[in-house]
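This structure is in structure tokens; I'll ask about it shortly.
Lettering of chains follows the sequences in order, A, B, ..., and the numbering in each one begins at 1.
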Amino acid sequence: MLTQAPKGTKDILPEDIYQWNYVEKEFSELCQRFGYKEIRIPVFEHTELFQRGVGDTTDIVQKEMYTFQDKGGRSITLRPEGTAGVVRSFIEHGMSSLPQPIKLFYKITAYRYENVQKGRYREFNQFGVELLGAADPSADAEVISILAMFFEKLGIQNLELNINSIGCPKCRSKYNEKLKEYISQFLGDMCDTCKDRYNRNPMRILDCKEEKCKTLMKDAPALLDNICDECRTHFDSVLEKLDAINIPYNIDKGIVRGLDYYTKTVFEFVSKNIGTQGTVCGGGRYDGLVEECGGAPTPGIGFAMGVERLLLEMQSQSIEIPKPNPPDIYIGAIGHKASLACEKLAWELRRQNITCIKDIMGRSVKAQLKYADKIGARYVLILGDDEIESNKAKLKDMQTGETKDITLDTLINRLLKIKG
RNA sequence: GUGGGUAUAGCUCAGUUGGUUAGAGCGCCAGGUUGUGGCCCUGGAGGUCAUGGGUUCAAAUCCCAUUAUUCACCCCA
């Protein structure tokens, strides 16, 4: 146990970190290109924020939160997602009096106590965007287009965009009545969880994977066919805008996001080849959330993307991520005098932005060369007494194996030139 | 919370019907004359055979439990 990371957590090792750095950088750059600014929010919040924001009836709040009491007796929860914290920050810092809309993005870890499987961990990483203060369908389309462009930028193909509208509270309560009426005739034949859902959140029954429930629900009225005129117009307009920028989508009447705050547009990008947890990202509109959390009524829309799933998908599509450059030069020293000269030289090279590795093991020349080879150094310079005397050294090109005489004074310029 | 698979060196894996001191490849470290990598050769370090019980003269091997891991259900990113 002592030497084992807790269940559902993972080290990201030095040999893999370039992949994370790459997608993080690409995401940040793209968001900024759309006018979004990064926000960093706390890893933990007051538990009630998530109870209120994510919703008391959700699985996340009911059984998946890392909740504990701090030494001051407060109930604290590790964030299970990012939206609630961002909304809290929006309210706390009075962002409604900044020029609207507020466009934010973030890169966070999140925590859910669930059983682990492929593409699902207890500590996981999300990239997210929240757009607050814009009620227009253009906002929905913009947020979705960030994702489409992000995938395009990374070279990811064939993710399916599924989209739906789950209406506003008004049409949803009407629909819930209608749905319950439909279900009531054979409620007795459904699975236990669905019986439970019937009272708490009947819409979830549409999502049940039990065969018997599925067949019973086959002819159930779809929410999308029962939303009010305003929601319908909004939805049609979102689709029209997606068409205008050639983003393909499937209308999926079955999408019911698992968080209570969603209204109107909900969507997800799904992969078929990274296992059963194929949702790479999901999002939607949450026009009631800011008010629910104590702010002025403010529309909002956003998404969250699972970075582990994103990387899985990139691997499954064999997308190559640029690897970091190997060291420009390795400097080896023989003897005391040389090692002092070597310190000075390495310092100067590094100051000039040259990646320089030097011996700190006191190894033999042969071992130093071996090491330089293993770390992929482009050049090797060996310094001994002779070189210091003559102020000349042999610079070895590790790719060709050639060595050339070079005066030490010109080394830096020479390397800078080679680097381009 | 539920079900299946798996657990031997840093990594990938052998290990016979239970039978001496548990192996290989890769990796790591050192060496193969005086100051030069890759290939080759030699040597070395590194294992509580996941943990705890049980059966047996004898267990990495058979049985039970626990833990971890993995895949799936549920749910989600």
Exercise. Should the ring pair A/Phe27 and A/Phe127 be called parallel, tilted or perpendicular, given that the plane angle runs from 0 to 90° and is split at 30 and 60?
Worked result: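 It falls in the parallel class, under 30°.
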Problem set entry | Residue among A/Leu154, A/Asp16, A/Leu311 satisfying side-chain contact (heavy atoms from CB on, under 4.5 Å) with A/Ile321 |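 In the set A/Leu154, A/Asp16, A/Leu311, the residue that makes a side-chain contact (heavy atoms from CB on, under 4.5 Å) with A/Ile321 is A/Leu311.
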Problem set entry | A/Gln277 side-chain N/O to B/A77 phosphate OP1/OP2 under 4.0 Å |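 For A/Gln277, the contact criterion (side-chain N or O under 4.0 Å from OP1 or OP2 of B/A77) is not met.
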Exercise. Within the structure, does a side-chain N or O atom of A/Lys374 lie under 4.0 Å from either OP1 or OP2 of B/C28?
Worked result: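 Yes, such a contact exists.
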For this session: Could you tell me whether the side chain of A/Asn115 reaches within less than 4.5 Å of the side chain of A/Arg122, counting heavy atoms only?
Result: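 Yes. Closest side-chain heavy atoms under 4.5 Å.
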Exercise. With rounding to whole Å, what would you report as the distance between B/G27 and B/C64 at their P atoms?
Worked result: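 About 41 Å, rounded to a whole number of Å.
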For this session: Could you please name the option among B/G35, B/A72, B/G31 that lies closest to any side-chain atom of A/Thr276?
Result: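 Out of B/G35, B/A72, B/G31, the nucleotide with an atom closest to A/Thr276's side chain is B/A72.
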Exercise. Is there a side-chain polar atom (N or O) of A/Gln117 under 4.0 Å from OP1 or OP2 of B/A72?
Worked result: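 For A/Gln117, the contact criterion (side-chain N or O under 4.0 Å from OP1 or OP2 of B/A72) is met.
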Problem set entry | Whole-angstrom distance between B/U61 and B/A22, as gauged at atom C1' |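 Comparing C1' positions in B/U61 and B/A22 gives a spacing of 12 Å.
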Exercise. Contact class for A/Glu387 vs. all strands (heavy atom < 4.0 Å): base, sugar-phosphate, or nothing?
Worked result: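 Counting heavy atoms under 4.0 Å across all strands, the contact made by A/Glu387 includes a base.
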Exercise. Does any donor atom in the side chain of A/Glu123 or A/Tyr111 lie under 3.5 Å from an acceptor atom in the other side chain?
Worked result: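 Present: a donor and an acceptor within the cut-off.
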Problem set entry | Span that lies between the C1' atom of B/C13 and that of B/U8, in whole angstrom |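 Roughly 9 Å separates the two C1' atoms.
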For this session: Would you check if A/Tyr371 stacks with the base of B/G37, given a 5.5 Å centroid limit and a 30° plane limit, both strict?
Result: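 Given the distance and angle limits, no, they do not stack.
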Exercise. NA contact type, A/Tyr121, heavy-atom cut-off 4.0 Å: base, sugar-phosphate, or nothing?
Worked result: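 Contact class for A/Tyr121: base.
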Problem set entry | Whole-angstrom distance between B/C49 and B/A60, as gauged at atom P |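 It works out to 8 Å between them.
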